[in-house]
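In this text the structure is predicted, and so the values were computed from the model without any measurement.
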Amino acid sequence: MNEPAPDGPWPRGPGQGRRTARSLVLGIVALVCVAVLTALGVWQLERRVWKLALIDRVEQRIHAAPSPMPVSSSWPAINTADDEYRRVSVAGRFLHDRETLVQAVTEAGGGFWVLTPLQTADGAIVLVNRGFVPPDRRDQATRREGNPAGPVKVTGLLRMTEPKGAFLRKNDPEQDRWYSRDVAAIAAARGLPQTAPFFIDADATPNPGGYPLGGLTVVRFPNNHLIYALTWFGLALMIAGRLMFVARGGMHLRGSGTRDSTPVGGDSISARRTGADAETAIQSG
């Protein structure tokens, strides 16, 4: 006597259970990815707002009237966010015998920045990036006219020290090779006491003889945050769309899942009865 056939779809086997568990895990991973990518997109939008505010602040600073260079008592509080690119002025005398040349690539070509210590009346020292000189003017003897011996007044932009060196190049004080404007290292190499922790980029006021050539400060802030945000949001949308497509496909299969009348052997059952007068199933084959 045959057992009654269960109503509805065939019972799930071990293989189908594993597939269901795997689909669930993949769904959770996809949801996590969507959440992370969306968070990255929001973060990039926040970074864009911050960058635009920074650009606006710097634009205001570089076009403002110059203020006196910060006094030595305020030096510990100087920082990038509040002070870099402030337009300042300072008076004193250049210490040309302690000049430092830092390799540079500018719109005027390759050459050197001329960093010269300037000593104020109270004994404080600040490094001044007086500007650019080409390789054939690196020797002071070729630009004596541009090295004033008397009192001077310098106006320019306050810049933060560059202690990490240049790209793939480190400063070598022992060989007197400089690739970045590392204030502390230059001050130590030149024996400069009480030196400001920043330097000043001199403006474009001409120097006698034409060199050093000042006013070449490049103020540029990359602002690709909107592109990055759209990229993250686009990836999140793609994954979410794929997840919805797969989920809808699974729901469709579950909704249409009825008992398959074709057994493993491939033969179709044309009749099945239960009860006392059960007939033998007629099989086509």
Report task. Decide yes or no on salt bridge (Lys or Arg N to Asp or Glu O under 4.0 Å) for Asp97 and Arg190, but give the supporting numbers first. Result -> CA-CA 9 Å; Asp97 60 325; Arg190 297 292 183 260; over 6 Å; no

Query raised in the report: Can you check whether Val126 reaches Phe198 side chain to side chain, under 4.5 Å on heavy atoms?
Result: yes

Query raised in the report: Can you get from Val128 to Val183 by hopping between Ile, Leu, Val, Met, Phe, Trp and Tyr side chains that sit under 4.5 Å apart?
Result: no

Report task. With the side chain counted from C-beta on, respond yes when Phe233 and Leu37 share a heavy-atom pair under 4.5 Å apart, and no when they do not. Result -> no

Requested in this report: Return yes when atom OH of Tyr228 has more than 12 non-hydrogen atoms of other residues, nucleotides or ligands closer than 6.0 Å, and no otherwise.
Outcome: no

Query - Asn171 (side chain) donor-acceptor with Tyr179 (main chain) under 3.5 angstrom - result: yes

Requested in this report: Dump the intermediate steps for side-chain contact (heavy atoms from CB on, under 4.5 Å) on Arg87 and Leu157, then the final yes or no.
Outcome: CA-CA 5 Å; Arg87 197 157 174 249; Leu157 301 179; 4.2 Å; yes

Query raised in the report: Quick one: OG1 on Thr195 to CH2 on Trp75, what's the gap to the nearest 0.5 Å?
Result: 7.0 Å

Query raised in the report: Could you state the interatomic distance from CZ (Arg138) to OH (Tyr211), rounded to the nearest 0.5 Å?
Result: 15.0 Å

**Report entry** Note, Leu158 side chain near Pro70 side chain (heavy atom, < 4.5 Å)
**Finding:** yes

Query - Within 6.0 Å of CH2 in Trp232, more than 12 heavy atoms from elsewhere - result: no

Query raised in the report: Would a 4.5 Å heavy-atom cut-off, applied to side chains only, mark Arg159 and Tyr85 as touching?
Result: yes

Query - Check: Pro212 main-chain N/O paired with Asn207 side-chain donor or acceptor under 3.5 Å - result: yes

Requested in this report: Evaluate the side-chain contact (heavy atoms from CB on, under 4.5 Å) criterion for residues Thr120 and Leu118: first the C-alpha distance (whole Å), next the side-chain angles of each, then the deciding distance (0.1 Å), finally the verdict.
Outcome: CA-CA 7 Å; Thr120 63; Leu118 183 143; 4.2 Å; yes

Requested in this report: Applying side-chain hydrogen bond (donor to acceptor under 3.5 Å, both in side chains) between His225 and each of Gln44, Glu46, Arg48, report the one that passes.
Outcome: Gln44

**Report entry** Exercise: identify the closest heavy-atom pair between Pro173 and Ala189
**Finding:** CB-CB, 4.5 Å

Query raised in the report: What residues, two or more places apart in sequence or in another chain, satisfy side chain to side chain contact (heavy atoms under 4.5 Å, CB included) together with Ala77?
Result: none

Query raised in the report: Honestly curious: do Met244 and Leu237 fall in one hydrophobic cluster under the side-chain, below-4.5 Å linking rule?
Result: no

Query raised in the report: Centre of Phe199's six-membered ring, under 6.0 Å away, within 45 degrees of the axis: is that where NZ or CZ of Arg181 sits?
Result: no

**Report entry** Pro148: side chain to side chain contact (heavy atoms under 4.5 Å, CB included) partners, not counting sequence neighbours
**Finding:** Phe94, His96, Arg130, Val152

Query raised in the report: What's the spacing between Thr217 OG1 and Asn129 CG if we round to 0.5 Å?
Result: 7.0 Å

Report task. Please tell me if the side chains of Val133 and Arg143 come closer than 4.5 Å, counting only heavy atoms from C-beta onward. Result -> yes

Report task. Check Val34 against Ala240 and note the closest heavy-atom contact, atom names and distance. Result -> CG2-N, 3.8 Å

**Report entry** Presence of salt bridge, Arg61 and Asp82, under 4.0 angstrom
**Finding:** no

Query raised in the report: How about Val114 and Thr100: do any of their side-chain heavy atoms sit closer than 4.5 Å?
Result: no

**Report entry** Between CD1 on residue Ile200 and CZ on residue Arg86, distance to nearest 0.5 Å
**Finding:** 10.0 Å

Query raised in the report: Between Thr106 and Trp113, is any pair of side-chain heavy atoms under 4.5 Å apart?
Result: yes

Report task. Could you tell me the separation between the OG1 atom of Thr231 and the CG atom of Leu226, rounded to the nearest 0.5 Å? Result -> 9.0 Å

**Report entry** Leu40 side, atom CG; Leu235 side, atom CG - distance, nearest 0.5 Å
**Finding:** 10.0 Å

Query - Flag side-chain contact, heavy atom, 4.5 Å: Pro193 against Ile125 - result: yes

Query raised in the report: Stepwise, does the side-chain contact (heavy atoms from CB on, under 4.5 Å) test hold for Phe112 with Phe132?
Result: CA-CA 6 Å; Phe112 303 89; Phe132 169 82; 6.0 Å; no

**Report entry** Asn147 and Thr116: CA distance, side-chain angles, deciding distance, side-chain contact (heavy atoms from CB on, under 4.5 Å) verdict
**Finding:** CA-CA 10 Å; Asn147 294 345; Thr116 308; over 6 Å; no

Report summary line: Here the pair of heavy atoms bringing Gln194 nearest to Gly123 is OE1-O, 4.0 Å

Report summary line: With sequence neighbours left out, the residues meeting side chain to side chain contact (heavy atoms under 4.5 Å, CB included) with Arg242 are Phe245, Val246

Query raised in the report: Do we see a donor-acceptor contact under 3.5 Å between the side chains of Asp182 and Ser180?
Result: no

